[in-house]
Amino acid sequence: MAISPKHAKADPKAFYLAKDQDQLIERYDDAATVYDAAMESDVGWRGHLALAEVVARHVDPAATLCDAGAGTGMLGDQLAERGFKTMDANDLSEGMLEVARAKGVYRDCRVMALGKPLPYDSDTYDAVTVCGVFTPNHAPASSLDELVRITKPGGLILYTLRADEEPPEFAEKHRQLEQAGRWQLVEAGKPFPSIGSEPHIRHRCWVWRVS
Ligand SMILES: C[S@@+](CC[C@H](N)C(=O)[O-])C[C@H]1O[C@@H](n2cnc3c(N)ncnc32)[C@H](O)[C@@H]1O
């Protein structure tokens with residue numbers, strides 16, 4: 001993956017190699033203003049486009065939606081184009097959220113950490129989306145417990161996950177939540193090439209209905 005010098009701060013390697021969460025936040029804060037350009041021109045990230053299509057197929061645009069780990073709002077932008085109007089965003093990085101806020105597609109943008117208790121009431125959202133955040137050094141599989149809690153019964157949780165190298169802790173979490181009767185599988189999408197500059201990498205979009 002070749003990142004042009006003017007987008008160097010948004011090199012995904014820097015995020016994967018951050019030594020702890022504080023450094024990850026620092027790196028995303030620094031990258032925020034060039035993040036979208038780096039993803040579009042250099043990396044060729046397509047996850048937000050694929051997930052937006054899946055969300056549009058399963059969720060009514062009148063839904064109240066939470067975009068978890070929303071970053072600069074690349075997914076939110078796509079959803080706004082498809083008519084979604086009531087979307088809240090959260091992310092670890094205030095810098096990334098500042099860029100998201102400026103796009104004007106979210107009702108509320110707040111710093112919070114997936115994997116920890118979230119300051120939302122239970123059964124708040126019709127749908128929760130997570131795009132490109134269930135990845136090494138970012139949000140753990142255990143984040144799903146809180147996302148299930150904040151989703152209304154009958155609501156959907158939709159997210160991208162590596163398919164060519166599926167993280168085993170997610171397969172385990174999927175099983176655990178299914179066996180506990182907390183959610184049912186709606187769709188495990190077909191793996192698609194998600195990163196133009198790294199054609200071997202595949203993601204899939206998962207859709208679960210909360211009980
Ligand atoms: C690859 S970006 C994806 C951003 C956005 N979802 C999109 O579709 O463009 C990953 C984002 O996840 C955020 N992030 C990483 N770990 C997180 C965590 N534990 N809780 C919340 N956000 C996190 C980062 O700050 C960054 O904005």
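Order of appearance sets the numbers: ligands from 1, and atoms from 1 within every ligand. Only this structure's heavy atoms are used, side chains among them; waters, hydrogens and symmetry mates stay out. For reference, positions follow the sequence shown, starting with 1.
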Pair up each side-chain donor or acceptor in residues 65-78 with any protein partner under 3.5 Å, not counting sequence neighbours, and list the distances.
| from | atom 1 | to | atom 2 | distance (Å) |
| --- | --- | --- | --- | --- |
| D67 | OD1 | T129 | OG1 | 3.0 |
| D67 | OD2 | Y106 | OH | 2.6 |
| T72 | OG1 | D36 | OD1 | 2.5 |
| Q78 | OE1 | R82 | NH1 | 3.0 |

Identify every side-chain donor-acceptor pair in residues 142-149 under 3.5 Å, counting partners at least two apart or on other chains, and give the distances.
| from | atom 1 | to | atom 2 | distance (Å) |
| --- | --- | --- | --- | --- |
| S143 | OG | G115 | N | 3.4 |
| S143 | OG | P140 | O | 2.5 |
| D145 | OD1 | K173 | NZ | 3.0 |
| D145 | OD2 | K173 | NZ | 2.9 |
| E146 | OE1 | L118 | N | 2.6 |
| E146 | OE1 | R149 | NE | 3.4 |
| E146 | OE1 | R149 | NH2 | 2.9 |
| E146 | OE2 | R149 | NE | 2.8 |
| R149 | NH1 | Y120 | O | 3.0 |
| R149 | NH1 | S122 | OG | 3.1 |
| R149 | NH2 | L118 | O | 2.9 |
| R149 | NH2 | Y120 | O | 3.0 |

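Using a distance-only test at 3.5 Å, with no hydrogens or angles considered, a donor-acceptor pair links the side chain of D42 to the main chain of S4. Side-chain atoms of D60 never come within 3.5 Å of backbone atoms of A63 as a donor-acceptor pair (strictly under, hydrogens ignored).
For F134 and H203, the distance between ring centers is not under 6.0 angstrom.
Contacts of E178 classified as side chain to side chain contact (heavy atoms under 4.5 Å, CB included), with partners at least two apart in sequence or in another chain: W183, L185, W208.
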Between ligand 1 and the protein, find all N/O pairs closer than 3.5 Å and give the distance for each.
| from | atom 1 | to | atom 2 | distance (Å) |
| --- | --- | --- | --- | --- |
| ligand 1 | 6 (N) | G69 | O | 2.7 |
| ligand 1 | 6 (N) | C131 | O | 2.7 |
| ligand 1 | 19 (N) | L114 | O | 3.1 |
| ligand 1 | 20 (N) | L114 | N | 2.8 |
| ligand 1 | 22 (N) | L92 | N | 3.3 |
| ligand 1 | 25 (O) | D91 | OD1 | 2.6 |
| ligand 1 | 27 (O) | D91 | OD1 | 3.1 |
| ligand 1 | 27 (O) | D91 | OD2 | 2.8 |

